[in-house]
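See below for the structure under consideration.
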Amino acid sequence: MFFQRCVLDRYIISGGKPLYGEVNISGAKNAAVAILPAALLCSDVCVIDNVPMVSDILTELEIFRELGVKADVIASNTVRIDARALNTYIATSSLNQKFRASYYLLGTFLSRFGRAKVSMPGGCNFGGERPIDQHIKGFEALGASVDVDGGIISAVSDDGLRGTHIYFDRVTVGGTINVMLAAVLTPGLTILENVAKEPHVVDLASFLNTMGADVIGAGTNLIRIRGVSSLHGCNYSIIPDQIEAGTYLAAVMATSGKVTVKNVIPRHLECITEKLREMGGEITAGEDSVTVTRTGRISPVNVRALPYPGFPTDMQPQFAAALSLADGESTITEEVWDNRFKYADALCAMGANIEVKPQKAVINGVASLSGASVVACDLRAGAAMVIAGLAAKGTTTVTNIHYVERGYENIVLKLRSLGADISLVKDE
Ligand code: EPU
């Protein structure tokens, strides 16, 4: 079964080969995990295309089926969600602990049923807390009473939710999305201020509007939602994955070569490609593609991970892998998560020189990395280890790859098509 994939499954990488060619980028995982539960807001059928078939999505569909929703993969990246039979607001399956975005059922159920009971979510553990106080603040402001007990979050509004003005104390992607979901069927005007502006927040708003919602301002600091009485089914295609595209671009910087990422929105990649240029990469953007060429040694840079449109925190581990090979000292400052440098030990085991300080990694570039056996500790950390392995001399084995498979569709096939020597070995 997909979910029980053994932790000993591994990627074996014979490094040192430049990457050349073209790679199709899949739909955005972090948009899909929000849009699929949004489809449960209506008692109707939604057909959603460009859904990445990664393990987080397969888990989410499994949770929906447990709730009585018909959730069918009707073509390779197309999902049909029929939520007409959904009549429960309780989602306390153990599957919820497998990924972070399972908590989007809170906003969805609150909106549709006026109450919700959902298990605390799981997801990548970066080593610090992953609080949900801003989600709760938003639900309470809309009129719900929220209680967290024994790993279950319950939210209920006996008198019905009402639109209101919510100012988030800090920018949160999950908080913005969950409260948007709760507000779309809530009577009155809800104004969300100091919200996340990530492309996946905008994509969710577009999806909701395609279902008949009235959401304006997504992509700015302020989102205005006028509650509607019902939503209808629709057909929708998810935006390309900014982080998957950035990961392939970073891999080329580490290995050298020339690769075109296709089916992308170049504007979403600018916060990444600007840094790649500074590192000495040659970047050309087409209408829906970006090409990176890297020949000489990478120049060191300073990276600051910030909410969008800043440099994405979900790209800093992959950049750390590339910058390990830069000609001089680079720094990565993390301003989104309290601790996201757990990957540094693995890169150092491969010969990188990284010193981790509070919220900052100082990377002194080395001339080459060497293959080693490393253990992925979260999704993007695992991607960084794959990139380091592609660039290293000798053989690298990455275990715990279930993390990587949560967010990268067909990563082995895609890298092999670019000339990488990587294989997936299953622990039979
Ligand atoms: N935070 C709070 N209170 C809250 C919510 C968040 O203090 O109520 C803090 C967090 O602890 C963190 C910061 O705010 O320090 C930002 O957290 P955010 O809520 O934005 O993160 P998230 O929604 O849990 C999503 C992505 C992450 C990505 C972050 C930041 C999904 C499913 N996950 O997480 O993606 O790192 O936004 O952009 O959308 C990944 O894809 O590898 C990944 C971890």
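None of these values were measured; they are calculated from a predicted model. Every number for a ligand or one of its atoms is a count from 1 in the order of the listing.
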### Task
Could you tell me whether the side chains of Glu66 and Ser93 share a donor-acceptor contact shorter than 3.5 Å?
yes
### Message
Side chain or backbone, does Val173 bring an N or O within less than 3.5 Å of an N or O on ligand 1?
### Response
yes
## Note on the structure
One finds that the ligand 1 atoms under 4.0 Å from a non-hydrogen atom of Ile132 are 4 (C), 8 (O)
#### Entry: Test applied, side-chain contact (heavy atoms from CB on, under 4.5 Å); reference residue, Thr78; option that passes from Asp72, Asp49, Asn50
Asp49
### Task
Provide the number and element of each atom of ligand 1 under 4.0 Å from a heavy atom of Tyr103.
23 (O), 24 (O)
### Query
Just checking, any donor-acceptor pair under 3.5 angstrom between side chains of Arg340 and Thr313?
yes
### Query
Should we count NZ of Lys262 as having more than 12 external heavy atoms under 6.0 Å?
no
### Task
Could you tell me whether Asp169 atom CG has more than 12 heavy atoms of other residues or ligands within 6.0 Å of it?
yes
### Summary
Checking heavy atoms under 4.0 Å, the part of Asp314 that sits near ligand 1 is side chain
### Message
Does any N or O of ligand 1 fall below 3.5 Å from an N or O anywhere on Tyr104, backbone included?
### Response
no
### Message
Check contact between Pro131 and ligand 1, using heavy atoms of the residue and a distance below 4.0 angstrom.
### Response
yes
### Query
For ligand 1, which atoms, with element, lie under 4.0 Å from some heavy atom of Arg340?
36 (O), 42 (O), 44 (C)
### Message
Checking the side chain of Thr396 only, and the main-chain atoms of Ala392 only, is there a donor and an acceptor separated by less than 3.5 Å?
### Response
no
### Task
Verify whether one side chain among Thr260 and Glu22 offers a donor that lies under 3.5 Å from an acceptor in the other.
no
### Query
Would you say His200 has any N or O atom under 3.5 Å from an N or O of ligand 1, going by distance alone?
no
### Query
Leu379 heavy atoms, cut-off 4.0 Å: which ligand 1 atoms fall inside?
42 (O)
## Note on the structure
So the atoms of ligand 1 within less than 4.0 Å of a heavy atom of His135 turn out to be 8 (O)
### Message
Less than 3.5 Å apart, any donor N or O on the side chain of Lys117 or Thr88 sitting next to an acceptor on the other?
### Response
no
#### Entry: Per-atom contacts of ligand 1 with Gly174, taking only distances under 4.0 Å to non-hydrogen atoms
19 (O), 23 (O)
### Query
Can Gln359 and Glu335 be counted as having a side-chain donor-acceptor contact under 3.5 angstrom?
no
### Message
Below 4.0 Å, non-hydrogen atoms only: which portion of Thr313 touches ligand 1? Side chain, backbone, both or neither.
### Response
side chain
### Task
Please check if the side chain of Ser330 supplies one atom and the backbone of Val301 the other of a donor-acceptor pair under 3.5 Å.
yes
### Task
Using only heavy-atom distances, determine whether the side chains of His135 and Asn178 contain a donor-acceptor pair under 3.5 Å.
yes
### Task
May I ask you to identify, for Val336, whether its side chain, its backbone, both or neither come under 4.0 Å of ligand 1 on a heavy-atom basis?
both
### Summary
atom 19 (O) of ligand 1: of Asp378, Thr172, Asp338, the nearest heavy atom sits on Thr172
### Summary
Out of Arg170, Arg130, Lys29, the nearest non-hydrogen contact to atom 14 (O) of ligand 1 is supplied by Arg170
## Note on the structure
Under 4.0 Å from one or more heavy atoms of Gln134, ligand 1 contributes atoms 3 (N), 4 (C), 8 (O)
### Query
Under 4.0 Å from ligand 1, counting heavy atoms only, is it the side chain of Met315, its backbone, both or neither?
neither
